Amino acid sequence: MTQDLDRHVVELDRAHVFHSWSAQGALTPMVVAGGLGCRVWDHAGHEWLDFSSQLVNVNIGHQHPRLVAAIQEQAAILTTVSPPTANLARGEAAKRIVGLAPDGFNKVFFTNGGADANENAIRMARQFTGRDKVVSTYRSYHGNTGSAVVATGDWRRVPNEYARGHVHVFGPYLYRSEFWATTPEEESERALRHLTRVVESEGAASIAAILLETVPGTAGVLVPPPGYLAGVRALADKHGIMLILDEVMAGFGRTGHWFAFDAFDVVPDLITFAKGVNSGYIPVGGVVISDPIAAHFDDVVFPGGLTYSGHPLAMASIVASIDTMTDEGIVDNAARIGRDVLAPGLAELADKHALIGEARGEGVFWALELVADPDTREPVPAAVMGRAKVALLERGLLPFVADNRIHVVPPCVVTDDEATTALAIYDDAFTLLTKELS
């Protein structure tokens, strides 16, 4: 009976649901009926360790009782209210977010997700500076709305390039360096030189913002090398350019810090967030605004808004999420798991399996880059990645697969035992793949 229900769910999906980023005809989506903590299951009772955190957003884990209760309680009080009103849940959510931000950030503009957070941050930077251009990297993802998708560097921007004023550069990525670098220090210095030359060549006085993911996520969990972000900050300051740091994926515990930039010597002008702020329990995102930019709009109308900005159910979930993560030490847990379990465990896997060209990351934000040849670093073909995904699912682990990489991105609440179990599953799957390819 439960297998029949799973089959019915798939039939409904294929008949009526149009999926993102996909050719629709070949889709065979897996069924997720429920979840708890770091696990999900279908109606028939098949269970998987969720080492994708769905879309790297379920930081607090599935169905945390405090978040569920907060949403239920708010629904009994007030389910929705328009943005121009004042609402207790909205004010409390904003207060908690700015409490985690650096000094000099006191205002939050709420959006429905990460894409429109980046969209509105770009708009704020353009309005504040009176300039047009936005510089971002090729290895990036900033969302699926007009400016955000064109700021994105990967293939998804190409059929969507309808927004103006966007310039792309190569960011640091030592494993596949565009700059012939051999050390992190060289990569940082040369990537900064490249960015500087592009800014100068485009005309620094025409550039409103440099938009970067603090740690590029979908592009490969590319932790910036020493000095890079500080160098970008100095370049932006020199030319009056706003620095927007996209913390949509990297923020709220993912790297073992509340904000990923907390680990670097940098403070941006605008911070965008979504995903981990409430683990996606209700769609929400936003922009944390530095005081000078916020003050600019005291007497100038900000030309932007959303019907569901600061939605009460989302706000209640943010309050509960931040309070719970604080009370339960969840950010510290993410840092510890990364340092003590994932870092050594993934390094051991990389040493053991020639398929793994590099393991990189921090906190619960890691990527395994799979290569056909460890010397040439040629990426494995799509068919191998497909087989890897199947092998992991068959062994009870739900992976996040992107290009030639497997991203190791469990919820921040993952336990030592769960992480150890996942490492054993990866090991077994890579052993099988190596045999099949030999």
Side-chain angles (χ1 to χ4, degrees), residues 34-36 53-101 105-121 123-124 143-145 148 246-249 251-254 258-259 270-289 294 297 301-328 330-331 411-413:
L36 185 65
S53 295
Q54 296 305 290
L55 282 177
V56 199
N57 65 327
V58 187
N59 290 12
I60 207 167
H62 293 275
Q63 299 302 113
H64 195 292
R66 283 181 65 174
L67 268 69
V68 173
I71 294 166
Q72 291 171 333
E73 289 166 10
Q74 181 60 47
I77 298 167
L78 182 68
T79 52
T80 191
V81 67
S82 69
T85 61
N87 178 263
L88 180 60
R90 188 184 295 147
E92 292 288 354
K95 179 182 177 181
R96 280 163 175 76
I97 291 167
V98 299
L100 300 171
F105 287 80
N106 288 287
K107 293 289 181 70
V108 180
F109 177 77
F110 286 108
T111 66
N112 300 328
D116 45 341
N118 284 317
E119 197 80 30
N120 282 281
R123 187 176 301 177
M124 289 175 186
N144 186 37
T145 52
D246 178 342
E247 292 266 338
V248 170
M249 187 176 285
F252 291 93
R254 180 57 49 188
W258 281 106
F259 290 111
L270 294 161
I271 306 162
T272 60
F273 67 88
K275 290 186 183 285
V277 71
N278 71 340
S279 291
Y281 281 35
I282 302 284
V284 73
V287 186
V288 195
I289 310 165
F297 294 104
V301 174
F302 175 62
L306 305 104
T307 299
Y308 303 112
S309 176
H311 192 281
L313 299 184
M315 299 299 99
S317 68
I318 289 174
V319 172
S321 182
I322 292 175
D323 287 354
T324 301
M325 292 181 83
T326 300
D327 294 345
E328 298 183 4
I330 289 171
V331 177
C412 299
V413 297

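Since the structure is predicted, the reported quantities are computational estimates derived from the model, not experimental observations. As a basis for the values below, the full set of heavy atoms in this structure was taken, side chains included, without hydrogen atoms, waters or symmetry mates.
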4.5 Å side-chain heavy-atom contact, Leu306 and Asn120: yes
Pairwise side-chain contact, Thr326 with Trp258, heavy-atom cut-off 4.5 Å (strictly under): yes
Test side-chain contact (heavy atoms from CB on, under 4.5 Å) applied to Ala93 - qualifying residues, sequence neighbours left out: Phe110, Met315, Ile318, Val319
Set of side-chain contact (heavy atoms from CB on, under 4.5 Å) partners for Pro303, sequence neighbours left out: Arg123, Gln127
Basic-acidic side-chain contact under 4.0 Å: Asp327, Arg66: yes
In Å and rounded to the nearest 0.5 Å, what is the [atom1] to [atom2] distance from [X] to [Y]?
X	Y	atom1	atom2	answer
Glu247	Leu100	CD	CG	11.0 Å
Ile97	Phe252	CD1	CZ	5.0 Å
Ile71	Leu313	CD1	CG	7.0 Å
Asn118	Asn144	CG	CG	12.0 Å
His311	Thr111	NE2	OG1	13.5 Å

Considering all heavy atoms, the nearest Cys412-Arg254 contact: SG-N, 3.9 Å
Least distance between heavy atoms, Ile271 atom then Phe259 atom: CG2-CE2, 3.9 Å
Sequence neighbours left out, cut at 3.5 Å: what donor-acceptor pairs do the side chains of residues 273-287 make with other protein atoms?
| residue | atom | partner | partner atom | Å |
| --- | --- | --- | --- | --- |
| Lys275 | NZ | Leu55 | O | 2.8 |
| Asn278 | OD1 | Gly280 | N | 3.1 |
| Asn278 | ND2 | Ile282 | O | 2.9 |
| Asn278 | ND2 | Ser317 | OG | 2.8 |
| Ser279 | OG | Asn59 | N | 3.0 |
| Ser279 | OG | Ile60 | N | 2.7 |
| Tyr281 | OH | Gly61 | O | 2.4 |
| Tyr281 | OH | Gln63 | N | 2.8 |
| Tyr281 | OH | His64 | N | 2.8 |

Contacts of type ring-ring contact (aromatic ring centres under 6.0 Å, His included), residue Phe297, not counting sequence neighbours: Phe302
Distance-only donor-acceptor pairs under 3.5 Å for side chains of residues 76-88, two or more places apart:
| residue | atom | partner | partner atom | Å |
| --- | --- | --- | --- | --- |
| Thr85 | OG1 | Ser82 | O | 2.6 |
| Asn87 | OD1 | Ala89 | N | 3.0 |
| Asn87 | OD1 | Arg90 | N | 3.4 |

Side-chain H-bond candidate by donor/acceptor type, Thr145 with Asp116, under 3.5 Å: no
Partner residues of Glu92 under the side chain to side chain donor-acceptor pair (under 3.5 Å) criterion, sequence neighbours left out: Arg96
